[in-house]
There are 2 protein chains.
Amino acid sequence: MELQYLDALKALAEPHRLRLCWLLIHVDQKVTVAEAMDVIGETQYNVSRNLKMLFKAGLLDQEKNGKWVYYTLAKQTEKHWLLLVDSVRHLPASQFESVAGRCKLRLGMRVDGECVVGPNSDDWIKLLNL
Amino acid sequence: MELQYLDALKALAEPHRLRLCWLLIHVDQKVTVAEAMDVIGETQYNVSRNLKMLFKAGLLDQEKNGKWVYYTLAKQTEKHWLLLVDSVRHLPASQFESVAGRCKLRLGMRVDGECVVGPNSDDWIKLLNL
DNA sequence: ATCATACTTGCGCATTTATGCATATGTAAT
DNA sequence: ATTACATATGCATAAATGCGCAAGTATGAT
């Protein structure tokens, strides 16, 4: 009975994961665990676990590249999935203001579009405190 | 942080409640606890509790009428809510086939559009076994 | 080979959630 | 008033969930 869809709802029903999914939807780009961690400001294992849950639920795609793991928004084809993702997309951005800004900042640290600096780096902390 | 929306996701993330919500969306009519109970085939207290949760989550409206309590699909105005409800609406009907049929049957027992027979009645059992 | 780094995962604990049972509330009929 | 009936709810229990910690895997650099 639409087990995967139920998993997606369950995954989204948790504030941290909803934030993560919102982020992936709005950034429209691949994002590493380290980057998500810096942007969201949570522990590594939680970000890792939550991203993985969103992936297993069919909301994100996963792509491993060396020691980095990139997550992107999964492309949906079925209507109810598209609508579900759209629903999250249209959440009032006000709730996530800082998230979008911080993400832009963090992605600015990339080189040739790839993530090259790990989580909680000094460079990131400095960038944050400007 | 969008607490109500999170409640809605949580409410929908449970199979019985997802079924109930799907029912209310597709029947496009007010439905009593007794009717929902007969249609879904669960215990009274669970149907009562689950409908109430969907109501508290902002997905359903409640209207008490004598000893009957009617629930209807709540009218949404915000985009992310509309999309969320639409997502449930577009779930493959195949999953819920029997539900729709049974509901039509059960609503056929109404008089002047009002529910007049309680849960698990002999009449309902007979109607089911035709 | 060794080490640092990005990410993952098993375990234990605290909290939440679903469910059955029994009982309570509220309303209508007699 | 008493009874019948539709719905709600407190309580106990079992299962699921979130999270911190510590240890694990895997990859790249030296």
Side-chain angles (χ1 to χ4, degrees), chain A residues 3 6-20 30-57 60 62-71 106 109-111 114-124, chain B residues 3 6-20 30-57 60 62-71 106 109-111 114-124:
Chain A
L3 273 192
L6 278 167
D7 281 345
L9 288 172
K10 230 184 284 187
L12 293 173
E14 204 274 330
H16 299 125
R17 285 192 295 265
L18 184 60
R19 278 248 288 286
L20 280 171
K30 58 185 185 179
V31 168
T32 67
V33 177
E35 289 167 332
M37 207 190 132
D38 280 349
V39 170
I40 302 281
E42 276 179 280
T43 61
Q44 198 223 19
Y45 40 88
N46 274 330
V47 172
S48 171
R49 277 199 275 236
N50 284 331
L51 284 173
K52 186 177 189 173
M53 288 182 77
L54 290 166
F55 163 60
K56 293 251 175 185
L60 302 184
Q62 195 189 50
E63 180 196 341
K64 306 201 178 191
N65 184 346
K67 53 181 177 176
W68 308 89
V69 176
Y70 288 95
Y71 286 96
R106 186 55 166 86
M109 299 176 75
R110 290 206 178 163
V111 175
E114 298 292 328
C115 177
V116 294
V117 27
N120 250 313
S121 67
D122 290 348
D123 285 1
W124 169 243
Chain B
L3 272 190
L6 279 166
D7 282 346
L9 288 172
K10 229 184 285 185
L12 292 173
E14 205 275 329
H16 299 125
R17 285 192 295 266
L18 185 60
R19 277 247 289 286
L20 280 172
K30 58 185 186 181
V31 167
T32 67
V33 177
E35 289 167 333
M37 210 188 127
D38 280 349
V39 171
I40 302 283
E42 277 178 279
T43 61
Q44 189 253 341
Y45 39 88
N46 275 331
V47 172
S48 171
R49 277 199 276 237
N50 284 331
L51 284 173
K52 186 177 189 176
M53 288 182 76
L54 290 166
F55 163 59
K56 293 251 176 187
L60 302 183
Q62 196 189 52
E63 179 195 340
K64 306 201 178 191
N65 185 346
K67 53 182 177 175
W68 308 90
V69 176
Y70 288 96
Y71 286 94
R106 186 54 166 86
M109 298 177 77
R110 288 204 179 164
V111 175
E114 299 291 327
C115 177
V116 294
V117 27
N120 251 312
S121 66
D122 290 348
D123 284 1
W124 169 244

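- Taking atom NZ on B/Lys30 and atom C1' on D/dA6, their separation rounds to 15 Å, with Å as the unit.
- At the heavy-atom level, A/Lys52 lies under 4.0 Å from the strands shown only through sugar-phosphate atoms.
- Among the protein residues, A/Lys10 comes within range of the sugar-phosphate backbone only, with heavy atoms under 4.0 Å from sugar or phosphate atoms but none that close to a base.
- The nearest whole Å value for the distance from the NE2 atom in B/His16 to the P atom in D/dA16 is 14 Å.
- Looking only at side-chain heavy atoms (C-beta outward), A/Met37 and A/Asn120 come within less than 4.5 Å of each other.
- Look at NZ on A/Lys64: it is 9 Å from C1' on D/dA26, rounded to the nearest Å.
- The CG atom of B/Leu6 sits 14 Å away from the C1' atom of D/dG18 (whole-angstrom rounding).
- Of the two residues near DNA chain D, B/Ala34 and A/Asn65, the one whose nearest nucleotide lies more 5' is B/Ala34.
- With hydrogens and angles ignored, a donor-acceptor pair under 3.5 angstrom links the side chain of B/Arg49 to the base of C/dG20.
- Among the protein residues, A/Gln44 comes within range of the nucleic acid bases, having at least one heavy atom under 4.0 Å from a base atom.
- Atom OH in A/Tyr45 sits about 15 Å away from atom C1' in D/dG24, given to the nearest Å.
- Rounded to a whole Å, the CZ atom of B/Arg19 is 16 Å from the C1' atom of C/dA18.
- Which of C/dA18, D/dC19, C/dG20 sits closest to the side chain of B/Glu14 comes down to C/dA18.
- Here A/Gln62 lies in heavy-atom contact (under 4.0 Å) with sugar-phosphate atoms only.
- Side chains of B/Glu114 and B/Tyr70: a donor on one and an acceptor on the other come within 3.5 Å.
- Put simply, A/Ser48 has no side-chain N or O that comes within less than 4.0 Å of OP1 or OP2 on C/dC7.
- Between A/Asp38 atom CG and C/dT5 atom C1' there is a gap of 14 Å when expressed in whole angstrom units.
- A close approach under 4.0 Å does not occur between any side-chain nitrogen or oxygen of A/Asn46 and OP1 or OP2 of D/dG18.
- Note that CG of B/Asp38 is 6.0 Å distant from OG of B/Ser121, once rounded to the nearest 0.5 Å.
- Residue B/Tyr71 is in sugar-phosphate contact alone, with no base atom involved, counting any heavy-atom pair closer than 4.0 Å across all strands shown.
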For residues 49-57 of chain A, which side-chain donor-acceptor pairs fall under 3.5 Å, sequence neighbours excluded?
| unit_1 | atom_1 | unit_2 | atom_2 | d |
| --- | --- | --- | --- | --- |
| A/Asn50 | OD1 | A/Arg17 | NH1 | 3.1 |
| A/Asn50 | ND2 | A/Asn46 | O | 3.2 |

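- Considering CD of A/Glu42 and NE2 of A/His16, their distance stands at 4.0 Å, rounded to 0.5 Å.
- B/Asp7 has its CG atom 13 Å from the P atom of C/dT16, to the nearest Å.
- Summary of the strand contacts: B/Glu35 and A/Asn50 both lie near DNA chain D, and taking for each the nucleotide with the nearest heavy atom, the more 5' one is attributed to B/Glu35.
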